[in-house]
Asks: 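Handing you this structure, nothing more for now.
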Amino acid sequence: MNICPACGRELKDSNISSLSDHFYSLALSSDPAHVMWLNRNISKKKMSEEGLKSEFLKFYDFTEGGLANWIRKRFVEKFFGEKPNPFVKEMQRPSKYTIMGYVTEHYHFLRQWVKSCAYIIARTDFADIQKYEFDNIAEEYFGIGNQTPHIELLLQMGESVGLRREVVLGSKPLKKTESALKYWDEVCSKKHWLDAMVSMHSLELIADKNVKSYGARYSYFMPEILDGGVTKETAHFLKAGYDADQYHSGEALAMVERYAKTLGMEMEVQSYFLRSADYFYGYLESRQERGKMYEKEL
Amino acid sequence: MKRNYEGCALCDATWGDYWREVEGERMFFCCSICAAAFENMINRLKSETGWKSVDSISIEGNYSRGRDCTATSGRNKVEFFFRHEDGQITEFRIKSHGTSPVP
Ligand SMILES: [Zn+2]
Ligand SMILES: [Zn+2]
């Protein structure tokens with residue numbers, strides 16, 4: 001069932017009219033979540049009911065380039081556009097506090113990540129999806145063959161800038177991280193596995209090497225920092241993610257596109273992606289906030 | 001209070017229909033959060049500067065980046081930065097004090 005990307009409510013019909021009408025009436029009554037969503041995604045200028053409907057049609061239209069590219073385009077606008085996410089800006093040349101904030105919040109993210117992927121395995125009958133998630137869990141969490149899992153590389157990155165792993169393991173996620181984790185847990189445990197899949201794997205675009213070819217002004221970090229300017233362990237972690245997330249998100253988005261078409265879930269998948277990206281935005285802000293906290297404390 | 005926005009006093013949006021009296025003037029906002037943020041920001045500005053009233057305010061920025069502002073009261077002028085979270089001010093920094101040009 002399609003949801004409202006601003007409040008998550010399930011909408012009766014999966015069409016633009018029902019989505020647009022929902023927004024229009026809530027915007028008229030000054031509902032903060034819906035007004036803000038329109039301000040950020042459609043326009044700050046109030047328009048007629050018909051006008052809004054046609055703007056929504058344009059916003060959701062993926063006929064040019066397909067669904068996976070639509071997701072890429074929207075993701076890039078939101079995180080790497082003219083006004084990039086503040087954490088992305090900081091990551092261009094990260095300080096040790098940026099890295100500490102990254103490690104702490106991302107540790108909690110990865111703990112949820114493995115559960116999210118496991119829910120997908122449990123809730124689908126398609127073997128290709130199960131295999132994909134299985135490999136992903138192994139790589140992130142347990143390591144494939146003699147490769148170090150990403151979560152261990154993450155903790156080593158923290159240690160290399162002076163953040164002891166006990167501190168990370170004993171920490172509680174910050175507010176926006178916590179609310180995002182709760183949201184993903186709910187989607188992955190209760191909603192359709194394809195909604196879960198797009199909600200999680202679209203987020204891997206954050207480290208996609210190719211974002212600049214989708215119109216990004218920034219990439220996750222400046223590749224030069226891998227050759228100096230950060231610790232060896234930081235370079236190692238970033239490079240592992242950089243190399244992996246690229247094919248991860250690419251492969252996952254191709255699957256999402258294919259199954260969304262077969263199952264008639266395209267619009268629903270778009271809305272789930274949008275809502276998940278909003279939570280992810282807040283989660284990245286938490287990384288920055290945590291970094292600032294370390295800077296004051298240490 | 002002279003403002004640079006014609007829509008919502010905080011964010012310039014024209015959606016919504018929320019009105020609140022701030023500094024004795026009935027102002028339009030897109031939602032209650034913008035109204036709370038604006039009102040709290042004005043109160044903070046007055047307490048930081050000791051001003052009795054604010055004659056003008058001009059705002060540039062957004063929710064995530066924070067907002068750069070210029071405000072005047074009589075011949076006094078300050079430039080400041082602020083950020084809010086659900087209407088509560090989470091960061092407030094005066095960047096410079098000065099005198100506004102005589103009109
Ligand atoms: Zn809604
Ligand atoms: Zn507003």
Side-chain angles (χ1 to χ4, degrees), chain A residues 6-7 20 22-49 51-52 55-56 77-90 174-176 179 277-289 292-293 295-296, chain B residues 3-22 25-44 57-70 80-95:
Chain A
C7 70
S20 181
H22 169 77
F23 266 98
Y24 200 78
S25 67
L26 282 156
L28 282 189
S29 60
S30 311
D31 178 80
H34 295 83
V35 168
M36 278 183 207
W37 197 95
L38 291 174
N39 287 347
R40 288 173 200 168
N41 294 283
I42 304 288
S43 167
K44 282 189 170 186
K45 296 270 160 277
K46 183 180 176 174
M47 52 190 87
S48 68
E49 223 170 328
L52 183 62
E55 287 302 316
F56 263 112
E77 281 168 1
K78 192 174 180 75
F79 293 92
F80 297 114
E82 220 170 295
K83 298 169 194 160
N85 178 281
F87 180 78
V88 168
K89 222 168 164 182
E90 224 178 89
L174 291 181
K175 205 176 79 195
K176 285 181 186 170
S179 86
D278 276 341
Y279 277 103
F280 191 64
Y281 198 97
Y283 158 68
L284 291 187
E285 288 178 330
S286 275
R287 287 187 186 172
Q288 189 194 27
E289 190 188 335
K292 281 188 189 156
M293 286 164 66
E295 192 167 3
K296 270 187 201 150
Chain B
R3 299 185 296 275
N4 61 326
Y5 287 157
E6 286 176 9
C8 170
L10 188 86
C11 78
D12 205 22
T14 50
W15 292 107
D17 188 21
Y18 189 91
W19 296 80
R20 185 178 289 194
E21 197 177 302
V22 182
E25 187 184 335
R26 195 165 170 264
M27 293 187 190
F28 170 82
F29 295 97
C30 67
C31 67
S32 58
I33 291 183
C34 279
F38 188 85
E39 195 173 19
N40 289 331
M41 176 270 287
I42 292 290
N43 287 337
R44 180 69 177 268
I57 181 136
S58 134
I59 306 177
E60 217 58 70
N62 63 38
Y63 168 77
S64 156
R65 188 154 58 92
R67 293 175 158 95
D68 290 299
C69 310
T70 306
F80 64 99
F81 171 86
F82 82 99
R83 204 191 284 276
H84 79 93
E85 189 90 51
D86 289 333
Q88 300 304 312
I89 306 302
T90 52
E91 207 178 326
F92 191 98
R93 201 170 64 240
I94 301 260
K95 296 190 293 184

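Because only heavy atoms are used, hydrogens play no part in the values below, and waters and symmetry mates are left out as well, while side chains stay in.
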Asks: Sort A:S43 into side chain, backbone, both or neither according to what part of it lies under 4.5 angstrom from a heavy atom of chain B.
Replies: backbone
Asks: Which heavy-atom pair separates A:L28 from B:D17 by the least distance, and what is that distance?
Replies: O-CB, 4.1 Å
Asks: Under 4.5 Å from any heavy atom of chain A, what part of B:C11 do you find: side chain, backbone, both or neither?
Replies: both
Asks: Which bit of B:F29 is near chain A, if near means a heavy-atom gap under 4.5 Å: side chain, backbone, both or neither?
Replies: neither
Asks: Thinking salt bridges, do A:R40 and A:D278 make one under a 4.0 Å N-O criterion?
Replies: no
Asks: So does A:K89 have more than 12 non-hydrogen atoms from other groups sitting under 6.0 Å from NZ?
Replies: no
Asks: Is B:E25 salt-bridged to B:R3, cutoff N-O under 4.0 Å?
Replies: yes
Asks: With a 4.5 angstrom heavy-atom cut-off, is it the side chain or the backbone of A:K83 that approaches chain B, or both, or neither?
Replies: side chain
Asks: Chain A heavy atoms under 4.5 Å from B:E85: which part of the residue, side chain, backbone, both or neither?
Replies: side chain
Asks: Are the aromatic ring centres of B:W19 and B:F28 under 6.0 angstrom apart?
Replies: yes
Asks: Select one option (side chain, backbone, both, neither) describing which atoms of A:L52 are under 4.5 Å from chain B's heavy atoms.
Replies: side chain
Asks: How close do A:H22 and A:C7 get, counting heavy atoms only, and between which atoms?
Replies: NE2-SG, 3.6 Å
Asks: Could you pull out the closest heavy-atom pair between A:K78 and A:A277, with the gap in Å?
Replies: CE-O, 3.7 Å
Asks: Tell me the closest heavy-atom pair linking B:F92 and B:R44, and the distance in Å.
Replies: CD1-CG, 3.4 Å
Asks: Please indicate whether B:K95 has more than 12 foreign heavy atoms, meaning atoms of other residues, nucleotides or ligands, lying under 6.0 Å from its NZ.
Replies: yes
Asks: Between A:Y24 and chain B, which part of the residue has a heavy atom less than 4.5 Å away: side chain, backbone, both or neither?
Replies: side chain
Asks: Using heavy atoms and a sub-4.5 Å threshold, report which of residues 30-38 of chain A line up against chain B, by residue number.
Replies: A:S30, A:P32, A:V35, A:M36, A:L38
